[in-house]
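Below is one structure, written out as structure tokens; comments come after it.
When a ligand or atom number is given, it counts from 1 through the structure's own listing order. The analysis underlying the following values was restricted to heavy atoms, covering all of them including side chains, and did not include hydrogens, waters or symmetry mates.
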Amino acid sequence: MDTLTLTRPDDCHLHLRDGPALAAVLADSARRFARAVVMPNLRPPVTTVAAALAYGERIRAALPTGADFTPLLTLYLTEATPASELRAAKAAGLVGVKLYPAGATTHSDAGVHRLEAIHPQLDVMQDIDLPLLVHGEVTDPKVDVFDREAVFIERHLAPLVARFPALRVVLEHVTTREGVEFVRAARPGVAASITPQHLSLNRGALFEGGLRPHHYCLPVLKREEHRAAVLAAAISGDPRFFLGTDSAPHAQTAKESACGCAGIYSAHGGIELYAEAFDAAGALDKLDAFASRHGADFYGLPRNTGTLMLRREPVPVPDSLPFGDQRLVPLRAGGQLAWQVVA
Ligand code: DOR
Ligand code: ZN
């Protein structure tokens with residue numbers, strides 16, 4: 001099978017940024033995906049419905065002519081988010097509310113310090129059926145960085161899912177065996193998104209021939225056994241696992257720095273990288289559901305019509321891409337993708 005026809009896929013976790021950065025990256029996602037759940041960690045963060053809708057307008061305005069792409073907007077949860085804002089979010093069609101533990105990742109400083117402080121918000125979200133999208137890592141400096149997801153699940157996520165039994169929850173960018181097992185064993189309404197890097201790379205990629213800042217993201221890449229568990233979940237056909245690239249562009253200078261930013265740009269291969277991983281695992285027949293159905297079903301959105309065709313034919317990846325007045329180094333820079341989008 002050298003061509004693959006998918007239903008147009010959805011990217012259930014995407015960073016599009018704003019301004020010139022948005023203009024530089026948006027076409028890559030719009031070429032591949034019909035819709036994307038767009039993360040709200042802008043500066044300042046998208047903490048109000050008005051800000052989210054205005055951001056949605058800027059995204060639409062930045063689309064290439066003729067593109068058919070719908071941003072699915074989200075709200076950035078803070079300890080001060082009022083119930084009225086959550087109800088307004090639901091009414092305005094926002095698809096979820098993102099929980100960043102304060103200090104866990106890029107632009108998370110306005111996030112949540114104490115989970116107990118957002119119980120009132122979670123009560124409302126449960127009531128109105130507005131999903132909680134979780135960056136699942138503790139920030140405790142005493143917890144090893146490679147263990148932060150597993151510890152977050154045990155200390156915080158499992159109790160939260162039990163305490164709010166009807167709240168729909170996405171463990172974003174799951175990276176560990178513990179994360180996969182948690183979702184598999186969880187009550188209905190709990191799901192996880194999976195990135196291309198956590199499917200295809202283990203933590204060795206951070207040190208391959210030297211320090212590799214372009215393989216640094218959060219949650220950080222894990223041991224091989226965890227990569228294998230994440231891949232097994234993705235190709236299992238289990239509807240609780242779906243595609244979310246977490247494509248997170250940062251300027252080359254911000255990545256290649258004494259304190260490099262976390263984030264991997266993958267939107268240029270947003271479906272191709274998954275096709276490679278599924279193909280290598282002999283599971284190409286499972287890609288359509290993972291990429292095009294499970295996410296839509298979780299979010300209660302209509303499945304896309306239309307198709308996206310891929311061909312197994314290598315295509316080179318440039319060393320860098322334009323990024324406003326800067327450059328952006330994509331995943332696989334200087335290498336190649338084994339699949340390409342043809343229509
Ligand atoms: O690597 C990451 N980059 N992880 C995140 O959670 C945020 C993202 C970003 O916005 O750059
Ligand atoms: Zn993200």
Side-chain angles (χ1 to χ4, degrees), residues 10-19 21-22 24-26 28-29 33 36-46 55 59 71-77 95-112 131-139 145-146 148-149 152 157 170-176 179 191-201 203 205-206 212-222 230 242-257 259-267 270 273 295 323-324 326 328-331:
D10 294 318
D11 183 348
C12 291
H13 185 130
L14 177 63
H15 298 269
L16 283 174
R17 315 303 191 204
D18 212 343
L22 167 64
V25 300
L26 180 59
D28 279 345
S29 293
F33 296 101
V37 177
V38 181
M39 292 299 122
N41 62 333
L42 304 181
R43 271 224 197 284
V46 179
Y55 183 37
I59 295 169
L72 303 170
L73 303 167
T74 61
L75 201 64
Y76 186 115
L77 185 60
V95 298
V97 175
K98 182 72 190 274
L99 164 60
Y100 289 104
T105 187
T106 309
H107 301 170
S108 64
D109 31 293
V112 172
L132 178 71
L133 317 182
V134 181
H135 183 108
E137 288 191 289
V138 292
T139 55
V145 66
F146 294 100
R148 287 183 185 177
E149 180 175 289
F152 182 88
L157 192 56
V170 183
L171 174 57
E172 297 291 344
H173 39 56
V174 63
T175 66
T176 56
S193 60
I194 294 180
T195 78
Q197 63 266 26
H198 294 108
L199 272 187
S200 57
L201 300 175
R203 65 189 191 175
L206 288 163
R212 300 286 294 266
H214 301 292
H215 288 158
Y216 176 56
C217 65
L218 287 170
V220 72
L221 295 171
K222 302 296 193 299
V230 170
F242 45 75
L243 185 157
T245 61
D246 198 18
S247 179
H250 290 275
Q252 181 170 10
T253 50
K255 295 283 296 173
E256 298 173 9
S257 149
C259 187
C261 293
I264 293 179
Y265 185 70
S266 61
L273 290 156
F323 191 56
Q326 308 240 38
L328 173 63
V329 178
L331 185 56

Which single N/O/S atom of Asp246 lies at minimum distance from the Zn ion (ligand 2)?
OD1

Measure from the Zn ion (ligand 2) to each N, O or S atom of [X] and report whether any distance is below 2.8 Å.
X      : answer
His135 : no
Glu172 : no
His173 : no

Using every non-hydrogen atom in the two residues, find where Ala267 and Ser29 come nearest and quote the distance to one decimal.
CB-OG, 3.6 Å

Please state which option from [options] has its nearest heavy atom closest to [atom].
atom                    : options                : result
atom 9 (C) of ligand 1  : His107, Arg17, His13   : Arg17
atom 11 (O) of ligand 1 : Glu172, Glu137, His250 : His250
atom 5 (C) of ligand 1  : Thr105, Thr195, Ile264 : Thr105

Under 3.5 Å: N/O of Asn41 near N/O of ligand 1:
yes

Could you tell me if Thr176 and Lys222 have a donor-acceptor pair between their side chains, going purely by distance under 3.5 Å?
no

Assess, by modelled atom type and distance only, whether the side chains of Thr253 and Gln326 contain a donor and an acceptor separated by less than 3.5 Å.
yes

Main-chain N/O of [Y] paired with [X] side-chain donor or acceptor, under 3.5 Å:
X      : Y      : value
His13  : Thr195 : no
Ser193 : Gly244 : no
Lys255 : Pro213 : yes

Please state whether the rings of His173 and His135 are parallel, tilted or perpendicular, taking 30° and 60° as the class boundaries.
perpendicular

Distance under 4.0 Å to a non-hydrogen atom of Cys217: what atoms of ligand 1 satisfy this?
1 (O)

Could you tell me which atoms of ligand 1, counted from 1 in the order shown, lie closer than 4.0 angstrom to a heavy atom of Ala248?
3 (N), 8 (C), 9 (C), 11 (O)

Taking the side chain as everything from C-beta on, heavy atoms only, tell me whether Asp109 gets closer than 4.5 Å to Arg43.
yes

Any Leu22 side-chain heavy atom under 4.5 Å of His15 side chain:
no

Closest to atom 1 (O) of ligand 1 among protein heavy atoms sits Leu218 N, 2.8 Å

In terms of residue, atom name and distance, what is the protein heavy atom nearest to atom 3 (N) of ligand 1?
Ala262 O, 3.1 Å

Under 4.0 Å, heavy atoms only, figure out whether ligand 1 is touched by the backbone of His135, its side chain, both or neither.
side chain

